[in-house]
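Input: a single structure, listed below in structure tokens.
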Amino acid sequence: MVYLAIKELATTAEDVIMVTSSIMKDMQPNSEVIYRPNAIRALCRIIDPSMAQGVERFFKAAIVDKNTSISSAALVSAYHLFPAAKDVVKRWVNEAQEAVQGKSSSSFFNSSGGSSYLGWGSSSSNTTSGYQPIPSTSYITQYHALGLLYLIRQQDRMAVTKMIQQLGGGKTGAGTVLKNPLALCMLIRYAAKIMEEDPNMQRQILELIEGWLRHKSDMVNLEAARVICEIKGVTAAQLTKPIAVLQLFLSSPKSSLRFAATRTLAALALTHPASVATCNVDLENLISDQNRSVATYAITTLLKTGNEASVDRLMKQISGFMSEISDEFKVIIVDAIRSLCLKFPAKHASMLSFLSGVLRDEGGYDFKRAIVEAIFDMIKFIGDCKEQALSHLCEFIEDCEFTKLSVRILHLLGLEGPKSPQPTKYIRYIYNRVVLENATVRAAAVSSLAKFGLNAGEAKLSKSVNVLLNRCLDDVDDEVRDRAAMYLKLYEEQQLAMTYVKEESVYSLSALESKLVSYLSDPDAGEKPFDASSIPKVSREQAAKEVARPSTLETIGVPSSSKAATPPPPSAAETQSQYAQQLAEIPEFTSYGQVLYSSTKATQLTESETEYQVSCVKHLFEEHIVFQFNVSNTIADTVLENVAVIMEPQTDSGLSDDFTMPIASLGANSPGIGYVSFTRDESTAYQTASFQCILKFVSKEVDPSTGEPEEEGYEDEYSLEDLELSAADYILPTYVTFSSEWDRLRGGVTVTETFALPAMESLKAACDSIIEILNMQALGGSEEPQSTSIHTLQLSGLVAGGGGKALVRCQKQEAANLVIAAIV
């Protein structure tokens, strides 16, 4: 209790010299064994980094002590000391290596039961305590020592690899000195990390892990099987052994082993359903398992690996125990059914019937949302079930207690209902929400109702909806009244209805945000109205994907992996926003105005293996073009100073060189950014040119003793790839409704040319090449040719700087010529 009190008070104490001296007396080898482990743990909490060297010899002696509890206490304390005293703890690596070898240890309690973690064995001075050492079979010290060894060596991949090979025990794993299952599991995880970081080691490490599949410990078998199943790009042949091990665990009397095996197989079934299908017989036996968690994962796995013939039988079995499991596992089953429905659309009737049934059951928000999401996806991807699914959703909102779900369903009804053969049957359900629900749902119902009237092909239906909207003008809530008034106004002006209701494209929100921020931050911009014509548009489907839930159809319900999730790459509009903010902070460019467009992909001017790596991003202003060069130096012990890229146009480019902003200093593996600015001789023209680029710099060696570059260096230069300024650098991909936009531009400028593409292997390759050359948005799925002989590719783009939209016909002659010139 005294040691516990000391550890709790350690964070508030200012002077710990006296208590440190007292605790160090309890750490002496001649002290009572029961005091030494607690003294070591308490000392670790109260000393500061400067005192670590003074207690080094005590810790070294304790790490190699014959007593398990003393050695473990010292190793764990060293682990906690490492962040504050790295240099001192690193000197204990030999002692930790000796501890991991699992030399003879002792414990006070007889450990024949297989566990001596809390054994208080005799110390090296057992004559004082009178305890007789009894050999321990827990070897828990190996687990703690291995953790400390990895912590010391984690920055040295070769050292970690060597440690794994030394402790692995060869291909069969029988020669390993590690006898503690926890230590072996930890070693397997270290091996998996090395295999992930260095693919060249995969074959060698995989042989080690396969050897551990035959270990006598179930824990080690499961960990080895799980690691192999999670390897990126694992083949069916490599999965044979781990799946065989997991299949044996499916019939184990221990529920923990059955749960671990089914959980691993459920995750593997997402990527390798055919390999997991060999376990289907054993998994079906687990459907009636007393442990509902095991049964849930068994059902989930069978849904992913089963065939179309087994769907109806599985649905009956699922219905039997849905009421016996928690909402968390219900969500997993619902998401598995959703993916199965998309896999076997012919079976949508039975699955939709099941989902509608559980939708009426009691449950929390997450469970109900999972069901609604599943029905949404069925409506989107399976056209035959749309009518029935919408009817089920209408019945659900009659008694829905979750406002968010009601709003989402009303929005979907507004989109899909007017397209149905009998749109009038949904009106009653929607108007009931206007009468009976709260203000949020009423506002959503008004919007949904208006879409029926504005998109209806029947004048009678439109007139009826108009009457209902007029009644909404008397609502007590402002939002409901305002929406009703707005939609009634759209009834009178069809052009506004085309813009606000029937338009299939919307502004890219991130691009709109970037333009608004630039507009508000520019003091001179307030004199002119905000111009939205230069903002690219995306389809409603693309906009929905950007704000979609993070989990996909194939990953919901999968057990979380120990690996950190990779963040998604920034979108094109987010990249544009970042570039605009970055350029706004440079004083030399403040007079240039707003950035009209920045290239979304950096052009590589060097190979990835070269000592200097250079890429270029082009920024278009109204009267200027700025080239941004991202330069990286990969040569160790070398510093580059006054780094600049010299650009020479090969022809008359219509650009005048302004200035070059060099990089002052560039160390090893520390990227820098330089700029070259040109003035556009004619701001209304679209200049295209090719530039010869040379990287010039002063190279200086780094003094290894001081870490500073030498005073004298030498000038050097490095040839880069030629840089092209092409039509794609002026065009922003944007979405439009092609047929209506084509008709609107029919009276505009037209340029017609015929080109031969003999170098293209197929129509698909030609489409991909033209899309890349023009940097335009393919519309209506036209990027995928359906014929091998003839195809019409529909593209849309927005020419930066007010050039207008570019389809095949453009609003300005210059924009049309620009598109033609790009293909030439």
Side-chain angles (χ1 to χ4, degrees), residues 503-508 510-511 532-546 571-573 575-576 596-601 603 618 620 686 688 724-824:
E503 178 62 53
E504 296 181 7
S505 62
V506 294
Y507 287 115
S508 171
S510 50
S533 61
S534 62
I535 301 173
K537 290 187 175 183
V538 296
S539 66
R540 293 188 183 274
E541 291 185 0
Q542 289 175 310
K545 288 179 181 179
E546 291 181 1
S571 64
T575 304
Q576 298 281 326
L596 300 179
Y597 182 59
S598 297
S599 51
T600 54
K601 293 182 180 179
T603 304
K618 304 152 196 169
L620 177 66
Y686 301 100
T688 58
E724 299 288 338
L725 179 64
S726 62
D729 298 317
Y730 295 94
I731 300 176
L732 292 73
T734 187
Y735 179 86
V736 297
T737 304
F738 191 85
S739 56
S740 61
E741 194 67 28
W742 180 277
D743 293 338
R744 194 174 69 84
L745 297 179
R746 189 175 295 276
V749 176
T750 302
V751 178
T752 304
E753 290 285 348
T754 302
F755 300 95
L757 304 174
M760 299 300 170
E761 298 178 356
S762 63
L763 281 176
K764 180 67 170 68
C767 290
D768 293 341
S769 178
I770 292 174
I771 293 172
E772 182 179 1
I773 291 172
L774 296 179
N775 191 33
M776 298 175 75
Q777 174 80 43
L779 302 173
S782 61
E783 69 274 14
E784 297 290 341
Q786 303 300 317
S787 170
T788 57
S789 58
I790 187 171
H791 179 64
T792 300
L793 176 63
Q794 298 176 348
L795 299 177
S796 172
L798 194 65
V799 181
K805 294 179 181 177
L807 299 174
V808 176
R809 296 173 180 173
C810 303
Q811 292 177 327
K812 291 195 177 182
Q813 179 73 42
E814 293 84 355
N817 292 335
L818 176 69
V819 175
I820 295 298
I823 304 178
V824 177

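Computation of the quantities below employed the complete heavy-atom set of this structure, encompassing side-chain atoms and omitting hydrogens, waters and symmetry-equivalent molecules. Fair warning: this is a prediction, and the values are worked out from it, not measured in the lab.
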Subject >> Shortest non-hydrogen contact between D729 and S599, atoms and distance >> reply: OD1-CB, 4.3 Å

Subject >> Sidechain-backbone polar pair: K618 side chain, Y730 backbone, donor-acceptor under 3.5 Å >> reply: no

Subject >> Separation between OG1 of T603 and CG of L725, rounded to the nearest 0.5 Å >> reply: 10.0 Å

Original post:
Backbone N or O of A765 within a donor-acceptor pair of the D768 side chain at under 3.5 Å?
Top reply: no

